Amino acid sequence: MIETTIQYKINPEQVVDLIVAPGVFKPTGTTSLLIKAVKEKILTPCTILDLGCGSGIVGLSLAKHGIVKHPLFASDLSSTAVACTIKNFKNYNFNVDAREGSMFEPWENCKFDVIVDDISGVAEEIAKVSTWFQGVPCNSGEDGTSLINNIIKESRKYLNKKGKFFFPVISLSSVDSLLKEAKNAFKNVELISKQEWPLPDELKSQHILLEELRDKGFIKLEKKFGMYIWYTEIYVAFND
């Protein structure tokens, strides 16, 4: 396994050295928004599952923020990602229980106070031409919802009473479908934050594909000031 180290700013004053490897999802702007949202809403230590942990940066950031009842629980479909997560936690002297497996498979009969989902919801055709998923599987379906909708359906089974489920919604997927699924599964679905982004360079030449997906209702995309704009929203869902 060829590993490299990147630097990631977990707050304006603190940077961590993060071990990553080919096929391991690297942090994005959505990752940063998700971390910030959890920090704003969770004020005391609790049991946390980092679902789709990648390098482990979400859980590591929350551990350094002091809101994790150790160990931090983490899982990913990729054995390489799990290995990176374990190494990153070890380097910062935090405990982690990291397991390999799809969605909730590693956590049968387990329950958590908080589940943080950073598994992508991007239309599969967009994932194929973007740089976000180099070497990382993204079988998310034509409208980007197949993985996330299944996670939303299952997540309540793995939450303690008064547990909270945090998840991102990316407008390069069917936003309406994802929110409908969340509202079917939970009594409360609250928008925490929203950030608009310009299209990355590699997608600017894909305007025909993007417009086709938009016209089918598979994605939401706006044209402002001569450029295409997409967005990330972060939600928290809970029942009590």
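This structure is a prediction, so every number in the text was calculated from the model and none was measured. Values reported hereafter were calculated over all heavy atoms of this structure, with side chains retained and with hydrogens, waters and symmetry mates removed.
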Among Ile57, Leu18, Val15, which residue meets the side chain to side chain contact (heavy atoms under 4.5 Å, CB included) test with Ile10?
->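 One option only clears the test, and that one is Ile57.
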Neighbour count >12 (heavy atoms, 6.0 Å) for atom [atom1], [X]:
X	atom1	answer
Lys64	NZ	yes
Lys194	NZ	yes
Lys180	NZ	no

Hey, what's the ring geometry for Phe89 with Phe94, parallel, tilted or perpendicular (30° and 60° as the breaks)?
->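 The arrangement is perpendicular - the two ring planes meet at more than 60°.
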Angle class for the Trp107/Phe112 ring planes (parallel below 30°, perpendicular above 60°, tilted otherwise)?
->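 Ring orientation, 0 to 90° scale: perpendicular.
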[Y] backbone acceptor or donor facing [X] side chain under 3.5 Å:
X	Y	value
Asn188	Ala237	no
Ser171	Tyr231	yes
Asn88	Gly56	no
Arg99	Ala74	no

Taking atom types as modelled and ignoring hydrogens, do the side chains of Thr232 and Thr30 form a donor-acceptor contact shorter than 3.5 angstrom?
-> yes
Classify the side-chain pair Ser155/Asp117 by whether it contains a donor and acceptor separated by less than 3.5 Å.
-> no
If we only count heavy atoms from C-beta on, is the [X] to [Y] side-chain gap below 4.5 Å?
X	Y	result
Val236	Phe165	no
Leu159	Lys164	no
Lys36	Lys39	no
Leu210	Leu199	yes
Pro27	Ile6	yes
Ile219	Ile126	yes
Leu51	Asp118	no
Phe218	Glu142	yes

Which atom of [X] lies closest to which atom of [Y], heavy atoms considered:
X	Y	answer
Leu49	Ser75	CD1-OG, 4.3 Å
Gly54	Thr85	O-OG1, 2.9 Å
Asp97	Pro71	N-CB, 3.9 Å
Tyr235	Ile192	C-CD1, 4.1 Å
Cys46	Val114	SG-CG2, 3.7 Å
Ala182	Ile152	CA-CG2, 3.6 Å

Look up atom [atom1] in [X] and atom [atom2] in [Y], then write down how far apart they are to the nearest 0.5 Å.
X	Y	atom1	atom2	value
Cys53	Glu100	SG	CD	10.5 Å
Lys220	Ser174	NZ	OG	8.0 Å
Ser61	Lys9	OG	NZ	13.0 Å
Asp143	Lys216	CG	NZ	11.0 Å
Leu60	Ile35	CG	CD1	9.0 Å
Ile115	Ile48	CD1	CD1	11.0 Å

Is the Lys NZ or Arg CZ of Lys111 less than 6.0 Å from the centre of Tyr158's six-membered ring, within 45° of the axis?
->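 That pair does not qualify as a cation-pi contact.
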Please test Ile151 against Ile119 for side chain to side chain contact (heavy atoms under 4.5 Å, CB included), starting from the C-alpha separation and ending with a verdict.
-> CA-CA 9 Å; Ile151 290 169; Ile119 296 175; 3.4 Å; yes
Which residues share a salt bridge (Lys or Arg N to Asp or Glu O under 4.0 Å) with Glu181, sequence neighbours left out |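 Glu181 satisfies salt bridge (Lys or Arg N to Asp or Glu O under 4.0 Å) with no other residue.
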With the 4.5 Å side-chain cut-off for hydrophobic clustering, are [X] and [Y] part of the same group?
X	Y	answer
Leu209	Leu203	yes
Val189	Val175	yes
Ile19	Val16	no

Salt bridge check: are Asp113 and Lys69 linked by an N-O gap of less than 4.0 Å?
->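 The answer is no: the pair does not qualify as a salt bridge.
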Salt-bridge test for Lys224 and Glu196: reply yes if a basic N is under 4.0 Å from a carboxylate O, no otherwise.
->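 Yes, Lys224 and Glu196 are salt-bridged.
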Please assess Gln206 against Tyr228 for the test side-chain hydrogen bond (donor to acceptor under 3.5 Å, both in side chains), listing each intermediate value before the final yes or no.
-> CA-CA 11 Å; Gln206 302 292 330; Tyr228 285 106; over 6 Å; no
Yes or no on side chain to side chain contact (heavy atoms under 4.5 Å, CB included) for Ile229 and Lys223, after CA distance, side-chain angles and deciding distance?
-> CA-CA 6 Å; Ile229 302 294; Lys223 200 166 187 179; over 6 Å; no
Applying side chain to side chain contact (heavy atoms under 4.5 Å, CB included), run through Ile67 and Val38 and close with a yes or a no.
-> CA-CA 10 Å; Ile67 57 174; Val38 179; 4.3 Å; yes
Verdict with supporting geometry, Leu72 and Asp50, side chain to side chain contact (heavy atoms under 4.5 Å, CB included) = CA-CA 8 Å; Leu72 184 281; Asp50 179 2; 4.1 Å; yes
What do the steps show when you test Ser32 against Tyr8 for side-chain hydrogen bond (donor to acceptor under 3.5 Å, both in side chains), and what is the final call?
-> CA-CA 10 Å; Ser32 299; Tyr8 181 81; 2.7 Å; yes
